[in-house]
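Each chain gets a letter, A, B and so on, in the order its sequence line appears, and its residues count up from 1.
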Amino acid sequence: MPELPEAETIRRQLSSEIMGRRITGVQVLRASTIRRHRRAEEFAGLLMGRTVQAVGRRGKAVVLGLDGTTVVVHLGMTGQLVIAPAGEPLDRHTRLYLDLDDGRRLLFIDQRTFGDVAAYPETDWRRIPDLARYGPEPLRPAFSLAYLRQTLPRRRAKIQAVLMDQHFVAGIGKIYADEISYAAGLHPDRRANTLSEAEMRRLVRAAKSVLRRAIHHGGTSAADEKYVDAYGNNGGFQLLLNAYQRTGEPCRRCGEPIARIPMNGRGAHYCPCCQR
DNA sequence: AGTTGGACCTGACTGC
DNA sequence: TGCAGTCAGGTCCAAC
């Protein structure tokens, strides 16, 4: 699943590859990919002829800053943003692509079609509802012990559910919720409002360090993951996972088998011995 | 306002 | 061999 580290890896690569490029063509191959727009022509009109001035990220979303337009790419579960030469045959799950003025294409490929691409005639992110509703970036100072102290007492939900709530903090999904809970030594079932001061501090530190390490390793391409970076390559963090998809394998800290429990319609992986 | 569960979607896998 | 059923999870929506 593309989460913050995967989106950030793609952002960095795209930033060095397509900055300054002009969009010379817009092809929408599946209408539901631009579901926030009424018509494909409206979407294309906002991109056509414009130049990429910045490549950003907010939570799990990759954001293209054009002159006068902001393009928000939600990768969903299986979304990929890949650079390829214009002549290359298309993957059958290609949903949309942009032709660039250097003869290359930016392809949006998405097997399960949960992803979407939206364009807004606005360059100020704070005025794009899509982005404004997100909680703080976990790697920014705003995501702090003080923030948890202020918000968690009101949250009765399980800490894993709160970590994945994009309004609480942006960019964390299943993989990193499992990894962060593990690193913080917190049982995924713990109610958010029962965390002690020390546990909140551990949670903030764990979130930042897990996400930084995952970015450093180019994100996670786990067993049945479709994640690839902008060059079509796998990430490397799957080799360093401690909990996610390690059911039955020994905990790297204590040797106890990693367990998996139902969690709000999903599964949570954790070490019954190290996480309390 | 916060919380929960269902729906969406497709390919891989399981079991009969 | 074939086919129905299950699972995976990001996000939205309805209901409490």
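At whole-Å resolution of the value, NE2 in A:His269 and P in C:dA8 are 8 Å apart. Between A:Lys226 atom NZ and C:dG10 atom C1' the separation is 16 Å, expressed in whole Å. Here the P atom of nucleotide C:dG10 and the CE atom of A:Met164 are 7 Å apart, to the nearest Å. Between the CG atom of A:Asn264 and the P atom of C:dC7 there is a distance of 16 Å, given to the nearest Å. The interatomic distance linking A:Arg266 (CZ) with C:dG10 (P) rounds to 7 Å, in whole Å. The CZ atom of A:Arg35 sits 11 Å away from the P atom of C:dT11 (whole-angstrom rounding). What separates CE of A:Met77 from P of C:dG9 is a distance of 7 Å, to the nearest Å. Atom CG in A:Asp110 sits about 16 Å away from atom P in C:dG9, given to the nearest Å.
Toward the 5' end of DNA chain B, the nearer of the two residues A:Arg95 and A:Arg154, judged by each one's closest nucleotide, is A:Arg154. Sequence order on DNA chain C of the closest nucleotides to A:Gly265 and A:Asp116 puts A:Gly265 first from the 5' end. Summary of the strand contacts: A:Lys158 and A:His93 both lie near DNA chain B, and taking for each the nucleotide with the nearest heavy atom, the more 5' one is attributed to A:Lys158.
Atom-to-atom distance recorded for A:Lys158:NZ and A:Met263:CE is 5.5 Å, nearest 0.5 angstrom.
Partner A:Arg155 forms a side chain to side chain contact (heavy atoms under 4.5 Å, CB included) with one of A:Leu195, A:Leu148, A:Asn193, A:Asp165 and no other, that one being A:Asp165.
With respect to A:Lys174 and A:Glu3, no salt bridge is recorded, no charged nitrogen being found less than 4.0 Å from a carboxylate O. Taking a cutoff of 4.0 Å between a charged side-chain nitrogen and a carboxylate oxygen, A:Glu42 and A:Arg39 do not qualify as a salt bridge. By the 4.0 Å N-to-carboxylate-O rule, A:Arg140 lies too far from A:Glu137 to be salt-bridged with it. One finds no salt bridge joining A:Lys60 and A:Glu6 here, because no Lys/Arg side-chain nitrogen approaches an Asp/Glu carboxylate oxygen to under 4.0 Å.
A:Phe168 comes within 4.0 angstrom of nothing in the nucleic acid, heavy atoms only. Backbone-only contact: A:Arg30 has heavy atoms under 4.0 Å from sugar-phosphate atoms and none from a base. Contact annotation for A:Gly173: backbone-only contact, meaning every heavy-atom pair under 4.0 Å involves sugar-phosphate atoms and none involves a base.
Between A:Gln238 and A:Tyr244, the side chains place no donor N or O within less than 3.5 Å of an acceptor N or O (distance only, hydrogens not considered).
For A:Gln166 (side chain) and A:Gly171 (main-chain N/O), a donor-acceptor pair under 3.5 Å exists by modelled atom type.
Once you apply a 4.0 Å limit to the heavy atoms of chain A, the touched nucleotides of DNA chain B run 5' to 3' over B:dG2 to B:dG11.
The hydrophobic cluster containing A:Phe143 does not contain A:Leu131, counting ILVMFWY residues as joined when their side-chain heavy atoms lie under 4.5 angstrom apart, directly or transitively.
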Decide yes or no on side chain to side chain donor-acceptor pair (under 3.5 Å) for A:Gln160 and A:Ser181, but give the supporting numbers first.
-> CA-CA 7 Å; A:Gln160 277 247 324; A:Ser181 303; 3.0 Å; yes
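In this structure, A:Tyr244 does not reach the C:dA8 phosphate: none of its side-chain N or O atoms is under 4.0 Å from OP1 or OP2.
For the segment residues 187-196 of chain A, the set of residues with a heavy atom within less than 4.0 Å of an atom of DNA chain C is empty.
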